[in-house]
Amino acid sequence: MVGPTARALHMLELLQSAQLRTVSELAERLDVDERTIRRDAARLYDLGVPVETLRGRYGGYRLAPGQRVLPLMFSREEVVAVFLGLANAQAASREPGIAAQTALSKIKRAMPTADAKRIDMLLGVMTGSSQYGGAAPDPAVMLTLAEAVNHRDVLDLRYLSAKGGLSWRTIHPYALVAHSDRWYLLAFDTDRQDERTFRVDRIRSVRSIGGTFALPRPHETEGHLLESFANADYRWHVVLRIRQTADRIRAHLPLSVARLEGLDRTADQGCEDAPSWYRAEIHAENLDWLPSVIAALDCEVVIDRPNELRDRVRATATRMLHTADDILD
């Protein structure tokens with residue numbers, strides 16, 4: 001080992017990986033004399049590490065429960081195992097947690113490049129795709145965002161749009177939210193003077209520029225995120241009138257897809273057990289998926305706009321009729 005600090009860290013790793021270590025064992029493993037081991041144990045104790053001395057024939061050093069979380073020392077194999085365990089827990093969860101994500105980011109950021117690539121390869125083999133459902137967020141970016149949200153720091157970020165354009169944004173970050181296996185940043189864009197939702201895996205770089213901000217109002221983050229999806233600036237603005245129960249409509253047009261407004265007294269009073277008329281507004285990049293949704297609603301639906309959706313519904317209905325005729329023949 002090179003220097004007392006590196007040796008003390010190695011000693012901490014040895015103590016963490018066993019219930020008890022004898023002085024002679026530690027001296028042999030660290031290639032020093034027993035006097036040096038006693039000095040290093042005292043140094044760890046002075047740093048707040050709860051090193052206990054056990055005297056007698058089977059004595060030595062061990063770690064007692066401390067009052068705070070200690071720095072943990074892992075071998076390369078253990079780091080990979082811990083990362084994979086956290087990643088798989090995140091992938092299996094319907095609501096991935098920010099604490100687990102920042103832990104993953106810290107671990108991966110501290111890894112040698114070869115080990116980080118090894119983990120990506122293992123995850124690809126195990127799950128067939130990234131645990132995030134797409135491109136993984138950059139660990140350094142994720143950590144910077146989490147800290148900025150916590151401390152209300154103003155940020156500059158370089159963002160890649162869905163069309164491949166790069167832009168610089170100055171933002172006030174409100175929250176990090178996981179939805180459908182992706183991470184999103186809710187923030188106020190100071191240049192556009194409007195709230196924006198950013199996909200974290202599309203943030204290419206981020207830095208704090210000094211200064212803090214106050215939240216303009218309390219946010220229910222998940223609801224705000226879903227509302228931003230429904231109001232996204234896509235190619236088509238679809239308006240439907242639907243006579244169905246609210247629960248049935250939401251089963252096919254969730255909050256992230258459509259804004260829903262009651263049009264008659266029954267809907268206004270929240271009587272969801274009986275069909276009522278609702279107005280649904282949908283922002284969509286394409287219309288091809290909507291005819292099947294309209295059919296699945298199994299109720300009266302009026303298409304107010306656009307005319308192109310009516311054409312697609314007619315074409316779908318014609319194909320269905322031809323299919324039924326072929327079966328009858």
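The analysis underlying the following values was restricted to heavy atoms, covering all of them including side chains, and did not include hydrogens, waters or symmetry mates.
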Distance, nearest 0.5 Å, that separates [atom1] of [X] from [atom2] of [Y]:
X	Y	atom1	atom2	value
H252	D247	NE2	CG	11.5 Å
T22	R29	OG1	CZ	10.5 Å
L240	Y278	CG	OH	15.0 Å
L30	T36	CG	OG1	9.5 Å
L260	Q244	CG	CD	11.0 Å
H237	H283	NE2	NE2	4.0 Å

Do the side chains of [Y] and [X] get nearer than 4.5 Å, heavy atoms only?
X	Y	value
V200	L176	yes
F198	L145	no
E308	L287	yes
S167	R169	yes

Which residues end up grouped with V239 if you chain together Ile, Leu, Val, Met, Phe, Trp and Tyr wherever their side-chain heavy atoms are less than 4.5 Å apart?
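Result for V239 is none, singleton.
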Starting from Y45, walk the hydrophobic network (Ile, Leu, Val, Met, Phe, Trp, Tyr; side-chain heavy atoms closer than 4.5 Å) and list everyone else you reach, by chain and number.
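Its cluster mates, by chain and number: none.
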Can D189 and R196 be counted as an ion pair, charged N to O under 4.0 angstrom?
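Salt bridge: no.
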Taking it one step at a time, do S276 and T245 satisfy side chain to side chain contact (heavy atoms under 4.5 Å, CB included)?
CA-CA 6 Å; S276 305; T245 64; over 6 Å; no
Contacts of A251 that satisfy side chain to side chain contact (heavy atoms under 4.5 Å, CB included) - sequence neighbours left out
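Result, side chain to side chain contact (heavy atoms under 4.5 Å, CB included) vs A251: none returned.
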Listed by chain and number, what are the side chain to side chain contact (heavy atoms under 4.5 Å, CB included) partners of N286, not counting sequence neighbours?
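Partners of N286 under the side chain to side chain contact (heavy atoms under 4.5 Å, CB included) test: D288, W289.
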Member of L290, D304, I282 meeting the side chain to side chain contact (heavy atoms under 4.5 Å, CB included) criterion with L309:
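Checked L290, D304, I282 against L309; only one passes side chain to side chain contact (heavy atoms under 4.5 Å, CB included): L290.
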Residue from R310, M320, R312 passing side chain to side chain contact (heavy atoms under 4.5 Å, CB included) with P291
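When R310, M320, R312 are each tested with P291, the side chain to side chain contact (heavy atoms under 4.5 Å, CB included) holds only for R312.
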Minimum-distance pair of heavy atoms, taken over all atoms of [X] and [Y]:
X	Y	answer
L185	P173	CD1-CB, 3.9 Å
L12	L63	CD1-CD1, 4.0 Å
L253	R250	O-NH1, 2.9 Å
D311	R314	OD1-NH1, 3.1 Å
M11	D40	SD-CB, 3.6 Å
D33	A27	C-CB, 4.2 Å

Tell me, yes or no, whether the heavy-atom count around D31 atom CG, taken from other residues, nucleotides or ligands under 6.0 Å, exceeds 12.
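Not buried by this count: 12 neighbours or fewer within 6.0 Å.
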Is the count of non-hydrogen atoms from other residues, nucleotides or ligands lying under 6.0 Å from E34 atom CD greater than 12?
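It does: E34 CD has more than 12 such atoms within range.
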Is I209 reachable from F188 through a run of hydrophobic residues whose side-chain heavy atoms are each under 4.5 Å from the next?
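In one cluster: yes.
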Flag, side chain of R35 to backbone of V32, donor-acceptor distance under 3.5 Å:
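Not a single qualifying donor-acceptor pair exists.
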Would you confirm whether Q193, through its side chain, and T190, through its main-chain N or O, come within 3.5 Å as a donor-acceptor pair?
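It does hold such a pair.
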Exercise answer: donor-acceptor pairs, residues 154-164 side-chain atoms, under 3.5 Å, sequence neighbours excluded:
{"from": "D156", "atom 1": "OD1", "to": "T170", "atom 2": "OG1", "distance (Å)": "2.6"}
{"from": "D156", "atom 1": "OD2", "to": "R207", "atom 2": "NH2", "distance (Å)": "3.4"}
{"from": "R158", "atom 1": "NE", "to": "S205", "atom 2": "OG", "distance (Å)": "3.4"}
{"from": "Y159", "atom 1": "OH", "to": "R199", "atom 2": "N", "distance (Å)": "3.0"}
{"from": "S161", "atom 1": "OG", "to": "K163", "atom 2": "N", "distance (Å)": "3.4"}
{"from": "S161", "atom 1": "OG", "to": "G164", "atom 2": "N", "distance (Å)": "3.4"}
{"from": "S161", "atom 1": "OG", "to": "G165", "atom 2": "N", "distance (Å)": "3.0"}
{"from": "S161", "atom 1": "OG", "to": "G165", "atom 2": "O", "distance (Å)": "3.4"}

Run the side chain to side chain contact (heavy atoms under 4.5 Å, CB included) check on Y61 and L54 step by step: do they pass?
CA-CA 6 Å; Y61 293 110; L54 274 69; over 6 Å; no
Run the side chain to side chain donor-acceptor pair (under 3.5 Å) test against T316 and tell me which residues pass, sequence neighbours left out.
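Per chain and number, T316 pairs via side chain to side chain donor-acceptor pair (under 3.5 Å) with R319.
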Going by the angle between their ring planes, with limits at 30° and 60°, are F213 and Y174 parallel, tilted or perpendicular?
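Correct class here is tilted.
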The test is side chain to side chain contact (heavy atoms under 4.5 Å, CB included); show your working for D298 and R248 and say whether it passes.
CA-CA 9 Å; D298 193 24; R248 179 73 175 178; 4.2 Å; yes
For V238 and E281, run side chain to side chain contact (heavy atoms under 4.5 Å, CB included): C-alpha distance rounded to whole Å, both residues' side-chain angles, the deciding distance at 0.1 Å, then the answer.
CA-CA 6 Å; V238 177; E281 287 191 41; over 6 Å; no
